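Below is one structure, written out as structure tokens, with a few remarks after it.
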Amino acid sequence: MKAFFVQIKCDLGKAYEVASALADAEIASEIYSTAGNYDLLAKFYLDDGEDIGHFVNEKVQVLPGIKDTFTIVTFRAF
């Protein structure tokens, strides 16, 4: 399995609704509120053969209240 993170910018006043929708969808392993340019940080896991781009596009970005996302792909460098 591969882990990756998605920073989520929400429409104004919608961060709690987006976080609840993510939790209800049961697609994120962890969800955090953050300060700065993005409102939420969510951690996801996918099987090695699954496409991260399609997952984010079809499962995350379609949730109401999401304005923008930034995906961080992780790997082992050591």
Side-chain angles (χ1 to χ4, degrees):
M1 296 206 63
K2 55 188 165 190
F4 65 98
F5 296 85
V6 178
Q7 292 179 294
I8 301 168
K9 187 178 293 186
C10 302
D11 291 330
L12 292 177
K14 300 295 182 181
Y16 286 97
E17 291 175 29
V18 171
S20 291
L22 273 172
D24 291 345
E26 297 181 352
I27 57 174
S29 65
E30 300 172 46
I31 306 165
Y32 298 96
S33 294
T34 59
N37 291 331
Y38 291 86
D39 303 301
L40 301 172
L41 175 69
K43 184 177 185 180
F44 300 92
Y45 288 96
L46 285 181
D47 290 329
D48 290 330
E50 292 187 65
D51 185 272
I52 292 172
H54 281 284
F55 177 86
V56 172
N57 211 14
E58 297 165 6
K59 303 287 187 185
V60 179
Q61 292 177 341
V62 296
L63 295 174
I66 293 181
K67 187 174 186 172
D68 191 18
T69 62
F70 184 82
T71 302
I72 302 164
V73 178
T74 61
F75 57 92
R76 289 204 183 270
F78 48 90

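On a predicted model such as this, the values are computed, not experimentally measured, just so you know.
- Under the 4.5 Å side-chain heavy-atom criterion for Ile, Leu, Val, Met, Phe, Trp and Tyr, Ile52 and Ile72 are members of distinct hydrophobic clusters.
- Side-chain heavy atoms closer than 4.5 Å link hydrophobic residues (I, L, V, M, F, W, Y) into clusters, and following such links, possibly through other members, connects Phe70 to Phe5.
- Between the side chain of Asp39 and the main chain of Ala15, no donor-acceptor pair closer than 3.5 Å is present.
- Here the NZ atom belonging to Lys9 is positioned 10.5 Å from the OG1 atom belonging to Thr34, to the nearest 0.5 angstrom.
- Leu46 and Leu41 are not part of a single hydrophobic cluster, where members link through side-chain heavy atoms under 4.5 Å apart.
- Of the options Val18, Ile66, Thr71, a side-chain contact (heavy atoms from CB on, under 4.5 Å) to Val60 is made by Ile66 and by none of the others.
- Counted within 6.0 Å of NZ on Lys2, heavy atoms from surrounding residues, nucleotides or ligands total more than 12; the atom is thus considered enclosed.
- Counting only heavy atoms from C-beta outward, the side chains of Val56 and Phe4 approach each other to under 4.5 Å.
- Here the straight-line distance linking atom CG of Asp68 with atom CG of Asp11 works out to 10.5 Å at 0.5 Å rounding.
- Applying the side chain to side chain donor-acceptor pair (under 3.5 Å) rule to Thr69 yields the partners Gln61; only residues at least two apart in sequence or on another chain are considered.
- The aromatic rings of Phe44 and Phe55 sit perpendicular, their planes meeting at an angle over 60°, well past the 30° parallel limit.
- Hydrophobic clustering, with ILVMFWY side chains joined whenever heavy atoms are under 4.5 angstrom apart, groups Ile31 together with Leu63.
- Contacts classified as salt bridge (charged side-chain N to carboxylate O under 4.0 Å, His left out) and involving residues 43-64 (residues at least two apart or in different chains) are given here: Glu30-Lys43.
- Leu22 is listed as a side-chain neighbour of Ile27, based on a closest heavy-atom distance under 4.5 Å.
- Between Ser33 and Leu40, some side-chain heavy-atom pair lies under the 4.5 Å cut-off.
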